[in-house]
Each structure stands twice: as C-alpha cells, then as structure tokens.
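Have a look at the structure below before the remarks.
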Amino acid sequence: MAPKMYIETYGCQMNEYESDRTFRTFEQAHGFARTEKIDNADLVLLNTCSIRDKADQKAFSSLGRLRVAKTLRPEMVIAVGGCLVQSQGDEIRRRAPFVDVVFGTHQWEKLPTLVEKARKERQQIVDVDMYGWNKYKFLPYRSAIGVHPVSEFVTIQNGCDKFCTFCLVPFTRGREVSRSPEEIFDEVKLLSEKGTKEVTLLGQNVNAYGRDRSGQIGFGELLDRVAEVPELKRIRFMTSHPSEMSDELVERLADNPKICRHLHLPLQSGSDRVLDKMNRQYTLREFRKRVESLRKAMPDLTLTTDLIVGFPSETEDDFQSTLNAVNEFEFDDSFSFVYSPRPNTKAAKWVEDFVNADVASERLDRLQALQRAIQTKKNVQTVGKQYEVLVEGASRKNPKELAGKNQHHHTINFEAASDLVGELVQIRILEARHNTLKGERVP
Ligand code: SF4
C-alpha cells in the first residue's frame, strides 16, 4: 500500500506552493498518497506561519494534536518547517521534542533527505540554517510535475529587503532572492502542458524581481516572457510594493491582455505619520498617484489591499485617515487585522505606544463594516455585466454549479450541463452575493 502523507499548511500562498510542490515530490519520487487523517499518516508535514500571534498559536496547538498521534503511532515521521520554525525553532524543539525533523524556510529542497535521515537514525534532525545554503536553489519542480489544476502558483522570488517595522519576513525568509527566469519559464511551460491555464507569480515583493542578480531581466520583462507561453491564458501576481510600481510596469500591465485586471497593493495605513513609523517608504499622496495612474491605464482594474489597525501610537485621527483612504480608493476587498507584535521586529519594542486591545478591535470592526459596505455596493454594480470566466471546478457549496474567476478575481458560480473545467466561457451576472457572484452562461 502507498505510504500516506498528511499536510497542514498555515499562512500565505507561498506556504501553499511549498507544501504542494513538496507533496508532489514525495508523490512522484517515493509513491506517497495524500491523506486527510493524521491517524493513518506515515509522514506528517506541518508548514507554519509567523505573520501574527494567532498563526503561532495555531501551530503550537497543532503540535499538541501531533504529540497524541505520535504517542499512538511512534513510527510516524513528523516534519515541522516554515516561518515559525525559522523564528522560534528552539521553542519548538523545547515544546515538541517528539518532532522528527525541524527545518527552516530554506530547507524545502532538502526535505526528502532530512526525512530519510530521521527515519534511519531515529533521532531529531534540525536544519534551520539560512546562510550556508545555496540561496538560488528553489524547490525542485520537474520532479513535482503531475496532474495540475487549472490555476497554479509559481514562486519567482523569496524574501524581502524592505524591513517594515512590523514584519518578520526579512528575518524568517531572508533577503530578496530571485529565481532564475529559465526555471520559471520551464515550470510555467510544464504546468501549461499539464493543463494549467492560469499562473499566479508569487514573491514577497515581486516588483523587485531580478534586482539581486546582475544582468538579469526585471519583473516587467518576466511578465511579458511568461505571457508568451502559448497555452497559458492568464497571469496574476502578488505581492506588489506601492513604492516599487514603476510607470513602465503600469504600461506593460495595461498592454498585455493575458495579465489579469486585478492588483493587490497593500496600503497598511492611511496616515502618513503611521506609514513613516511602519517604514513603508511611501506617503498617502504617492499611493494615490500610483492608484490614479493604474486606473487611468486600466479603468476596469480591481484593487485589493492589506490594512493594519492599532499600530503602535495610532491615534483616532490616524485611524480616521485610514477610513478616509478606504472610502476614497474603494478597494474591492481588503485583508485587515489588528497589529500583532512580532518578536525581533522594531515595532514590537514600542511597548509604551501599544494601542489598547479593545480600542484596536473596535477600530477593526468599524473598518471592516466600511469595507463590507463598499464591497457589497461594488458587487451589486456587476449585475447585468458580462465577463470572461476561467472555469476552475465544481462550486464548493453547490455541486450542480461550476465556479471560476473573471480577470478581476471575482469568484463566479453558474449552472452548466457539461464539464467546462479549464475553459474560458462568457458569463452574465445575475445576482451578487457577499463573496461570490452568480451568473448564467452566454452562448
Ligand atoms: S514589504 Fe511586505 S514582506 Fe517586506 S517587510 Fe514589508 S510587509 Fe514584510
């Protein structure tokens, strides 16, 4: 019987990408099958995140469940990796000595070897080194190519040089490292040969792509060259840093019909004082200028963002500036959170400026209510419009319906008699729901 692998992934799309490619490597090279139950797993992978305190807590609570599973089945190999391990590896070893492999954010490529070593030596293997490795060695992808969904992630860059004062990424993933364009093109080509029609290019700061490798192409050229893969219908990317979106890139986005009309551009705060304390390296005025040029070049662009409330020293006036900015830019969606101090970051040391938890949570409620109202208004405006939809599969809630996305990243459900997965179809919107739209096929 095929050995079974159980995976829990927390955090961002890059974590999802790493878990997925790792499973596929174990599947292709070692015959593993995926299981949704810890109880019958031979290998467990816990891919952790450290973006907020809640993410840490989730990982530690998963470790509690894994402790029970390991007691019942000591032969099971447990590997725990990712950002939390990179920032709190010693704590994980202390609290979970039963974990067989403790690995950081730069050991994905080595994981099969580490697992094998742990299995043979029957002792905990720890590898969290960020500096002694070949930083340009990204996850193997040729050995991980199997059957792929219509829409896939492809990592193009890892790490960040920005050092926002609230963020752990430069410490957990290290400095910006760009993957070689040849590898990216090769992976995209292989995926599209296997049926993938859309790729989302991932990086913490995709606009900085290529900057760390002399003589290498930049992000704009990379996008254009990926778009040349004939079977590929659509390209998305995230995340962009507002201070790094050049006019030249905006032009390229507008000129290339394969690049989707959706941009995720994190604002974080509407107050210049707070933006400065966050070390975001742009002002609200500069953000506004960028949004204006984007909307001028692509009037139908949807814009989503990230926002933090209750950042140390945020006043009610600062928060009002964030509400004003949300009203002004009318983001199509936003990911908003109360500030969470992260160990070793600058902002975590400004304890005397921390905003009272009740005040911060009340601000978050107000911000999210405003966002919901904007989103509902914008969703209703889509009724009667027609979109090209890339069909991804059955709708999650109604198996009689198919679901897909338009270029603007709206999820659209519609009834269909035949299997249209992977096809681009024309859909007219009939009804706007909170997070999805419902439509009908237009012949
Ligand atoms: S740009 Fe993004 S990833 Fe980089 S430090 Fe700032 S928040 Fe973190």
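Remember, predicted model here, so these are calculated numbers, not experimental data. Whatever order the structure lists them in is the order used to number ligands and atoms, beginning at 1.
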Using the side-chain contact (heavy atoms from CB on, under 4.5 Å) definition, which of the options R280, K289, Q281 pairs with P242?
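Single pass found, and it is R280.
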If only side-chain N and O atoms count, and only distance matters, is there a donor-acceptor pair under 3.5 Å linking Y209 with Q216?
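A donor-acceptor contact under 3.5 Å links the two side chains.
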Could you tell me if N205 and E176 have a donor-acceptor pair between their side chains, going purely by distance under 3.5 Å?
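Side-chain D/A pair, E176 to N205: present.
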Which of the atoms in ligand 1, numbered in the order shown and given with their element, are less than 4.0 Å from a heavy-atom of F163?
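So the atoms of ligand 1 that pass are 5 (S).
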Would you check if atom 8 (Fe) of ligand 1 lies under 2.8 Å from any N, O or S atom of C164?
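No - counting backbone and side chain alike, C164 has no N, O or S atom under 2.8 Å.
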When you measure from atom 4 (Fe) of ligand 1 to the N, O or S atoms of H241, does any of those distances fall below 2.8 Å?
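It does not: H241 brings no N, O or S atom closer than 2.8 Å to atom 4 (Fe) of ligand 1.
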Please write down residue, atom name and distance for the protein heavy atom closest to [atom].
{"atom": "atom 4 (Fe) of ligand 1", "result": "C160 SG, 2.2 Å"}
{"atom": "atom 2 (Fe) of ligand 1", "result": "R280 NH1, 4.3 Å"}
{"atom": "atom 8 (Fe) of ligand 1", "result": "C167 SG, 2.3 Å"}

Between F166 and ligand 1, which part of the residue brings a heavy atom under 4.0 Å of the ligand: side chain, backbone, both or neither?
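F166 to ligand 1: side-chain contact only, backbone stays beyond 4.0 Å.
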Within the 4.5 Å heavy-atom criterion, are V274 and M278 side-chain neighbours or not?
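Contact flag for V274/M278 side chains = yes.
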Kindly say whether the aromatic ring centers of Y282 and H241 come within a distance under 6.0 Å.
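Ring-ring flag for Y282/H241: true, centres closer than 6.0 Å.
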Qualifying residue for side chain to side chain donor-acceptor pair (under 3.5 Å) with T105, from Q86, E18, R173
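Exactly one pass, corresponding to Q86.
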